[in-house]
Trainee: 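Once you've had a glance at the structure underneath, I'll fire off some questions.
In the text below, chain A, chain B and the rest are named by the order of the sequence lines, each starting its count at 1.
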Protein chains: 2
Amino acid sequence: MGDEKGLEAKAGELAGDHSTKGRLIEAARELFLTQGFEKTSVKDILKQAGVNSGSLYYFFPKKEDLLVAVLDEYKALLWPVVIEPAFQRVSDPIERVFEILKGYRQMLEMTGFTHGCPIGNLALEMCTRSDVVRQGIADNFEGWRLAIRRCFEEVGARLHDYVDRDKLATFVLTTMEGGVMLARSYRRIEPFDAGVDMLRRYISQLLTDPDEGVA
Amino acid sequence: MGDEKGLEAKAGELAGDHSTKGRLIEAARELFLTQGFEKTSVKDILKQAGVNSGSLYYFFPKKEDLLVAVLDEYKALLWPVVIEPAFQRVSDPIERVFEILKGYRQMLEMTGFTHGCPIGNLALEMCTRSDVVRQGIADNFEGWRLAIRRCFEEVGARLHDYVDRDKLATFVLTTMEGGVMLARSYRRIEPFDAGVDMLRRYISQLLTDPDEGVA
DNA sequence: GTCTATAACTTGATAGAC
DNA sequence: GTCTATCAAGTTATAGAC
């Protein structure tokens, strides 16, 4: 094991350059995650970061610029915090996919359904705002999706030839995001588990060896 | 056909009791849908409804009470606006599920990806607020999910016995919500279509007749 | 039930000294 | 780069006449 610190703690650690700018991004990241962009005031961020107004606006002329920086940080954190630890715990490519999903399940349970996917949270709130923000969100999804796609590409002939690896990766992402949304809304893990369970059954039907991967 | 007015127009029409209270709910509904709850100011709602501050606070002491009313309205509109029209166009229970999904696809395309699922929009922004709001969101999801489940129950022996109809309905909802989120973020319909396509393949594999439903 | 006026406060952002 | 002080506008919500 050795990686059971939780995504949040790890993210805070890895992101933690203790510069003013770094502290601002980290504070904004946490607050946007728990409260959303609109609900979080600049004053909240200032207080949490222990920084004064003048410094914030020196680095980030607009509140939205801070959001762009947060999205960039998430993108940079994706592999070290989400992907690599999961890949280190599990080596089978298909199980790696489910190990990543397990990470989000743990986040839901550990936070009592207050934290889901940080990007999903921002996606619906902010994707109709400026196009840089929308692009930052899409970039994050794309990074996640490509990591999953790589897993499906690595399995080679274990998946039937006709299986579109790219579309399957997209499907995993939609299942995860939809599952997180429902779990948070119901405050129950069952909707998330139902999605993952169906996904597992579906994928096991796409395998060339009919005996493999049946639960 | 005969129902090609678009969800928004129809909703406005059906919801349209022209009372002050009704106009407030309708204005709030539209603005929460396009801008979210926090971004929408009470002043915005007042202006759109053509109502004065005193009247709003006579009916809805808090802004959040208006959101609860909006969620109740969505719940009341679900069958007449979303479910019934789809059921009227298509009679096969399984195709009815995909007809409902098609409705959301149309909404995405017609609005240039600005409108997705109204409930999903509010879910991630508001589900950590008051518990009445969260419950209103969960109730809406539950209504949708049960309509889908009913379809899967009606097919009887066409689906294998071992298929858990309830979980499958949840899976359809997660696929829809995840697909809407990605489509809006990428501003492309492909992620939504990928999800629906995978769902269709999966369900066709759960059918007892192997020749049925293959694309 | 509806009107106007406004209270009480918070918002994002700036100015200018250091 | 960082500080304090502050602006102008916007926020939710209320008071009291009609």
Side-chain angles (χ1 to χ4, degrees), chain A residues 15-73 122 125-126 128-134 136, chain B residues 15-73 122 125-126 128-134 136:
Chain A
D17 75 37
H18 291 157
S19 70
T20 301
K21 192 174 177 180
R23 270 167 27 234
L24 282 167
I25 295 175
E26 185 52 25
R29 193 188 64 78
E30 276 187 50
L31 290 166
F32 292 164
L33 173 65
T34 52
Q35 306 186 323
F37 179 82
E38 289 295 339
K39 173 78 179 171
T40 300
S41 73
V42 173
K43 204 177 175 185
D44 291 339
I45 298 166
L46 260 20
K47 189 181 165 189
Q48 172 121 346
V51 168
N52 296 95
S53 169
S55 297
L56 187 153
Y57 285 99
Y58 171 78
F59 294 111
F60 306 103
K62 305 236 146 208
K63 186 186 174 189
E64 215 177 76
D65 297 331
L66 196 40
L67 175 60
V68 172
V70 166
L71 287 169
D72 283 346
E73 208 209 355
L122 291 167
E125 184 182 4
M126 302 304 292
T128 51
R129 293 295 224 296
S130 76
D131 209 65
V132 278
V133 170
R134 207 213 83 246
Chain B
D17 75 36
H18 291 155
S19 70
T20 302
K21 192 174 177 180
R23 268 164 32 231
L24 282 167
I25 295 175
E26 185 51 26
R29 192 187 65 78
E30 276 187 49
L31 290 166
F32 292 164
L33 173 66
T34 50
Q35 305 186 323
F37 179 83
E38 288 295 338
K39 173 80 177 169
T40 300
S41 72
V42 173
K43 204 177 175 183
D44 290 339
I45 298 166
L46 260 21
K47 189 180 166 192
Q48 172 121 346
V51 168
N52 296 95
S53 169
S55 297
L56 187 153
Y57 285 100
Y58 172 77
F59 294 110
F60 307 103
K62 304 236 146 209
K63 186 185 174 188
E64 215 178 76
D65 298 330
L66 196 42
L67 174 60
V68 173
V70 166
L71 288 170
D72 283 346
E73 207 208 355
L122 291 165
E125 184 182 5
M126 302 305 291
T128 51
R129 295 295 226 294
S130 77
D131 209 64
V132 278
V133 170
R134 208 213 82 247

Trainee: Taking A/Thr40 for the side chain and A/Gln35 for the main chain, is one N or O donor matched with an acceptor at less than 3.5 Å?
Mentor: no
Trainee: Whole angstrom is fine here: how far is it from NE2 in B/His18 over to C1' in C/dG1?
Mentor: 19 Å
Trainee: Any carboxylate oxygen within less than 4.0 angstrom of a Lys/Arg side-chain nitrogen, looking at B/Glu26 and B/Arg23?
Mentor: no
Trainee: Return a single string for nucleotides 9-16 of chain C, one symbol per nucleotide in 5' to 3' order, where B is base contact, S is sugar-phosphate-only contact and - is none, cutoff 4.0 angstrom on heavy atoms.
Mentor: --SSBB--
Trainee: Heavy-atom distance under 4.5 Å between the side chains of B/Leu66 and B/Leu56, does that happen here?
Mentor: yes
Trainee: Is any side-chain heavy atom of B/Val133 closer than 4.5 Å to a side-chain heavy atom of B/Leu122?
Mentor: no
Trainee: How many Å lie between CG on B/Leu56 and P on D/dT11, as a whole number?
Mentor: 14 Å
Trainee: B/Ile45 CD1 to D/dA13 C1': how many Å, rounded?
Mentor: 13 Å
Trainee: Do the side-chain N and O atoms of A/Asn52 and A/Ser55 include a donor-acceptor pair separated by under 3.5 angstrom?
Mentor: no
Trainee: Rounding to an integer number of Å, can you tell me how far B/Tyr58 OH sits from D/dC18 C1'?
Mentor: 15 Å
Trainee: Does D/dC3 have OP1 or OP2 sitting under 4.0 Å from an N or O in the side chain of A/Asn52?
Mentor: yes
Trainee: What's the CG-C1' distance between B/Leu24 and C/dG1, to the nearest Å?
Mentor: 12 Å
Trainee: Ring of B/Phe37, cation from B/Lys63 - is the NZ or CZ under 6.0 Å from the centre and inside 45° of the axis?
Mentor: yes
